[in-house]
Amino acid sequence: PSIGTYMFSGSVIESVVFSFAPSRIERFAFSNTQSLSALSLPESVTIIEDGAFQSSMLASVNIPPACKEIGASAFAGAKLTSVDLSKVERLGRDVFSKTPLQGTINLSKLSIIPSGAFQKSTISEIVFASNLKTIESSAFLDCDNLKSISLPDGIEDVGSKAFYDCNKLTDINLPNSLISIGANAF
């Protein structure tokens with residue numbers, strides 16, 4: 001079972017109690033919800049599809065450990081200030097774009113960080129996976145609270161504008177494994 005496409009999109013629901021065990025939250029299921037500020041997803045959720053919570057008022061959500069994939073723009077423009085991504089293995093592009101995420105973001109299972117994933121967020125620290133290979137373009141564009149980054153040994157590509165306009169970024173560790181650094185990456 002799943003939470004269907006556009007199921008609550010644009011609604012004024014304030015809370016949801018799951019009495020069944022959905023495995024996925026489908027595309028735009030909770031997009032543009034104006035009153036839902038917190039949500040506890042069931043442990044059964046393994047996939048959150050594209051745009052599922054896009055432009056919602058959601059400020060708090062738990063990502064269950066079983067959830068390994070979050071689609072493109074799933075939380076873009078939502079009001080989230082924190083999220084635990086320590087078990088997530090795949091993110092879609094622009095997934096947390098323009099969200100007010102703060103503090104440390106744990107990306108310890110991601111080998112690729114997609115384009116625009118965290119652009120314009122307020123994160124201050126990133127925990128990268130030891131097997132990280134690629135940071136795509138604009139992934140951390142305009143993250144004004146980032147002060148330092150230490151890219152892991154083994155990373156090969158940093159895309160254009162990946163960390164561009166991170167105005168407080170003063171310390172960068174670039175390992176020897178880097179093959180390509182895109183234009184205006186920093």
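Keep in mind it's a predicted model, so treat the numbers as computed, not measured.
Side-chain contact between Asp153 and Ile155 is absent, with no heavy atoms from C-beta onward closer than 4.5 Å. The shortest distance between side-chain heavy atoms of Asp84 and Asn62 does not fall below 4.5 Å. Looking only at side-chain heavy atoms (C-beta outward), Arg24 and Glu49 come within less than 4.5 Å of each other. Looking at Leu151 and Val158, their side chains come closer than 4.5 Å, going by heavy atoms from C-beta outward. Using a 4.5 Å heavy-atom cutoff, the side chains of Phe186 and Leu174 are in contact. With a 4.5 Å cut-off on side-chain heavy atoms, Asp157 and Ile135 do not count as touching. Side chains of Thr134 and Leu132 form no contact here, defined as non-hydrogen atoms less than 4.5 Å apart. For the pair Ser137/Lys161, no side-chain contact is recorded, criterion being any heavy-atom separation below 4.5 Å from C-beta on.
Under the 3.5 Å distance criterion, the side-chain polar atoms of Ser121 are left unmatched by any main-chain donor or acceptor of Thr99. The main-chain N or O of Glu136 is never found under 3.5 Å from a side-chain atom of Ser115 such that the two would form a donor-acceptor pair. Side chain of Ser177 to main chain of Gly154: a donor-acceptor pair is present (N/O by atom type, distance under 3.5 Å, no hydrogens or angles). For Gln119 (side chain) and Leu141 (main-chain N/O), no donor-acceptor pair under 3.5 Å exists by modelled atom type. Formation of a donor-acceptor pair under 3.5 Å by the Thr122 side chain with backbone atoms of Leu101 is found in this model. Between the Lys147 side chain and the Asp144 main chain, no donor and acceptor come within less than 3.5 Å of each other. Of the possible donor and acceptor atoms, none in the side chain of Glu125 sits under 3.5 Å from a partner among the backbone N and O of Thr104.
The two residues Glu43 and Pro65 make their nearest non-hydrogen contact at OE1-CD, 3.2 Å. Of all heavy-atom pairs spanning Ala139 and Pro114, the tightest one is CB-O, 3.6 Å. The two residues Leu146 and Cys166 make their nearest non-hydrogen contact at CD1-SG, 4.3 Å. Closest of all the heavy-atom pairs between Ser31 and Gly51 is CB-O, 3.6 Å. Residues Ala29 and Gly4 come closest through the heavy atom pair CB-O, 3.4 Å. Closest heavy-atom contact between Ser44 and Ala21: OG-C, 3.2 Å.
Residue Ile172 is grouped with residue Phe118 when hydrophobic side chains (ILVMFWY) are merged at heavy-atom distances under 4.5 angstrom, including chains of intermediate members. Residues Phe96 and Val45 share a hydrophobic cluster, clusters being chains of Ile/Leu/Val/Met/Phe/Trp/Tyr side chains in contact below 4.5 Å. In the hydrophobic clustering of ILVMFWY residues, with side-chain heavy atoms under 4.5 Å counting as a link, Ile3 and Tyr6 come out apart. Cluster annotation: Leu91 is not connected to Ile112 through the hydrophobic network of ILVMFWY side chains, with a link wherever side-chain heavy atoms come within less than 4.5 Å. Note: the hydrophobic cluster containing Ile47 does not contain Leu107 (ILVMFWY, side chain heavy atoms under 4.5 Å, direct or indirect links).
Just one residue in the list Phe75, Phe28, Phe8 forms a ring-ring contact (aromatic ring centres under 6.0 Å, His included) with Phe53, and that residue is Phe75. Residue Leu85 is tested with Val127, Ile105, Leu110 for a side chain to side chain contact (heavy atoms under 4.5 Å, CB included); the sole match is Ile105.
Rounding to the nearest 0.5 Å places OG1 of Thr33 at 11.5 Å from CD of Gln54. From Met57, atom CE reaches atom CD of Gln34 across 6.0 Å, with rounding to the nearest 0.5 Å. Rounded to the nearest 0.5 angstrom, Ile70 CD1 and Ile48 CD1 are separated by 4.5 Å. To the nearest 0.5 Å, atom CD1 of residue Ile179 and atom CD of residue Glu156 are 4.0 Å apart. One finds the NZ atom of Lys168 at 11.0 Å from the OG1 atom of Thr170 (value rounded to the nearest 0.5 Å). For the atom pair Cys67 SG and Lys87 NZ, the distance stands at 13.0 Å (nearest 0.5 Å).
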Note to self: Quick one, Glu26 with Ser2, criterion side-chain hydrogen bond (donor to acceptor under 3.5 Å, both in side chains). Give me CA distance, side-chain angles, the key distance, then yes/no.
What the structure shows: CA-CA 7 Å; Glu26 292 185 8; Ser2 63; 2.7 Å; yes
Next item on the list: Starting from the C-alpha separation in whole Å, work towards a yes-or-no answer on side chain to side chain contact (heavy atoms under 4.5 Å, CB included) for Arg90 and Lys68.
Entry: CA-CA 6 Å; Arg90 190 173 321 138; Lys68 303 299 181 195; over 6 Å; no
Check: Can you check side chain to side chain contact (heavy atoms under 4.5 Å, CB included) on Leu36 and Phe30, steps first, answer last?
Finding: CA-CA 9 Å; Leu36 185 65; Phe30 292 92; 3.7 Å; yes
Next item on the list: Let me see the working for Thr46 and Glu69 under side chain to side chain contact (heavy atoms under 4.5 Å, CB included), right down to the final yes or no.
Entry: CA-CA 7 Å; Thr46 59; Glu69 181 178 342; over 6 Å; no
Check: Could you walk me through whether Ile149 and Leu169 pass the side chain to side chain contact (heavy atoms under 4.5 Å, CB included) check?
Finding: CA-CA 8 Å; Ile149 55 167; Leu169 186 58; 4.2 Å; yes
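Judged by distance alone, the side chains of Ser150 and Asn173 do bring a donor and an acceptor atom under 3.5 Å apart.
The aromatic rings of Phe163 and Phe128 stand perpendicular to each other, their planes meeting at an angle above 60°, with 30° marking the opposite boundary.
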